[in-house]
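Worksheet: the structure to be examined is printed underneath.
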Amino acid sequence: MEFRMGPLVAAMMEYERGVPQRINHFLKVYSFAKLIGEQENLPAAVQETLEAAAVVHDIGIRPSLVKYQSSGGNFQEIEGPPIARELLARLAFPEDRIERICFLVGHHHTYQDIDGDDYRILVEADFLVNLYEEKTDKQSVLKVRKNIFRTKAGTKALNDLFALPE
């Protein structure tokens, strides 16, 4: 069953209302995830799961700031899945899809034991955006490329974005 992402994007924009940097962030991660997934020829169901996870990946920031006074990735991974689950269920995503999306939300700052193309591409897409937003220096970008990036399309996007040598 194919879902249109528009209602999920709109719901996340409403959730992050008044915080344009977080709205812009998830939209950019979503765009890179969509691009990389399509270029890597993911099966439709995996692509859909990836795109939905990209939209909601940082849903745990708001409760983490309230509960821990921190937006640290470890706190996002704890606080994000229950809120993502509620939002996705309200939008009638299938339960098996919700499970995987919540797993991805709960692990998107965990970089070892990455299992699955959706997980790999979500991590790469988030890095593409974070490296730019944090104005990361070229040496650090090269280190991330070596240690994190595995997909051909994600690596090409990183190289193009930062004008890196092949």
Side-chain angles (χ1 to χ4, degrees), residues 1-40 42-134 148-151 153-154 157:
M1 174 185 278
E2 185 177 323
F3 277 86
R4 293 182 37 220
M5 289 297 134
L8 180 59
V9 170
M12 270 305 290
M13 289 181 70
E14 183 178 338
Y15 177 80
E16 293 294 3
R17 182 183 167 109
V19 190
Q21 66 272 23
R22 288 206 297 263
I23 293 170
N24 277 288
H25 176 81
F26 84 72
L27 288 171
K28 289 184 279 187
V29 173
Y30 166 60
S31 293
F32 277 121
K34 180 174 175 51
L35 172 73
I36 296 166
E38 288 175 355
Q39 290 182 334
E40 294 289 322
L42 294 184
V46 177
Q47 180 74 27
E48 182 179 283
T49 299
L50 166 63
E51 290 181 23
V55 171
V56 300
H57 78 283
D58 278 345
I59 201 168
I61 290 178
R62 183 177 300 248
S64 295
L65 289 170
V66 171
K67 191 170 183 179
Y68 309 103
Q69 295 74 52
S70 171
S71 64
N74 56 324
F75 299 128
Q76 291 179 44
E77 289 184 343
I78 294 166
E79 299 299 324
I83 299 164
R85 176 178 307 286
E86 181 181 311
L87 178 63
L88 294 162
R90 186 165 37 100
L91 295 172
F93 273 74
E95 184 56 35
D96 64 328
R97 202 70 57 85
I98 291 172
E99 283 303 314
R100 182 61 178 174
I101 294 165
C102 288
F103 173 84
L104 295 171
V105 170
H107 291 83
H108 78 278
H109 285 286
T110 302
Y111 309 129
Q112 68 275 0
D113 301 322
I114 291 177
D115 72 330
D117 294 331
D118 50 1
Y119 188 172
R120 164 69 52 206
I121 293 169
L122 177 61
V123 166
E124 290 182 4
D126 199 24
F127 262 102
L128 285 167
V129 177
N130 286 333
L131 291 168
Y132 170 75
E133 289 178 348
E134 296 167 8
I148 299 294
F149 281 74
R150 299 289 179 270
T151 69

**OP:** Decide, yes or no, whether a salt bridge links Asp118 with Arg100 under the criterion of side-chain N to carboxylate O below 4.0 Å.
**Re:** yes

Original post:
Once you round to the nearest 0.5 Å, how far does CD of Gln21 lie from CD1 of Ile61?
Top reply: 9.0 Å

Subject >> Pair Arg62 + Glu79, salt bridge at N-O below 4.0 Å >> reply: no

Original post:
Nearest 0.5 Å, what's the CZ-CD1 distance between Phe127 and Ile148?
Top reply: 4.5 Å

Original post:
How many angstroms lie between atom CD of Glu40 and atom CG of Leu35, to the nearest 0.5 angstrom?
Top reply: 9.5 Å

Subject >> Spacing of NE2 belonging to His107 relative to CD belonging to Gln76, to within rounding of 0.5 Å >> reply: 14.0 Å

Original post:
What's the shortest heavy-atom distance between Ile36 and Gly154, and which atoms?
Top reply: CD1-CA, 3.7 Å

Original post:
Ion pair present between Glu95 and Arg85, side-chain N to carboxylate O less than 4.0 angstrom?
Top reply: yes

**OP:** Specify the closest pair of heavy atoms between Ala52 and Ile101, including all atoms of both residues, with the distance to one decimal.
**Re:** CB-CD1, 3.5 Å

**OP:** Write down the atom of Ser64, the atom of Ser71, and the distance for their closest heavy-atom approach.
**Re:** CB-CA, 4.4 Å

Original post:
If every non-hydrogen atom of Met5 is compared with every non-hydrogen atom of Tyr30, which pair is closest and at what distance?
Top reply: CB-OH, 3.5 Å

Original post:
Which value, rounded to the nearest 0.5 Å, describes the distance between Ile59 atom CD1 and Arg22 atom CZ?
Top reply: 10.5 Å

**OP:** In plain terms, say whether Glu86 and Arg90 are close enough for a salt bridge, that is, a side-chain N and a carboxylate O under 4.0 Å apart.
**Re:** no

**OP:** Taking all heavy atoms of Glu16 and all of Asp58, pick out the closest pair and write down the distance.
**Re:** OE2-O, 4.2 Å

Original post:
Hey, are Lys28 and Glu133 close enough for a salt bridge, meaning a charged N less than 4.0 Å from a carboxylate O?
Top reply: yes

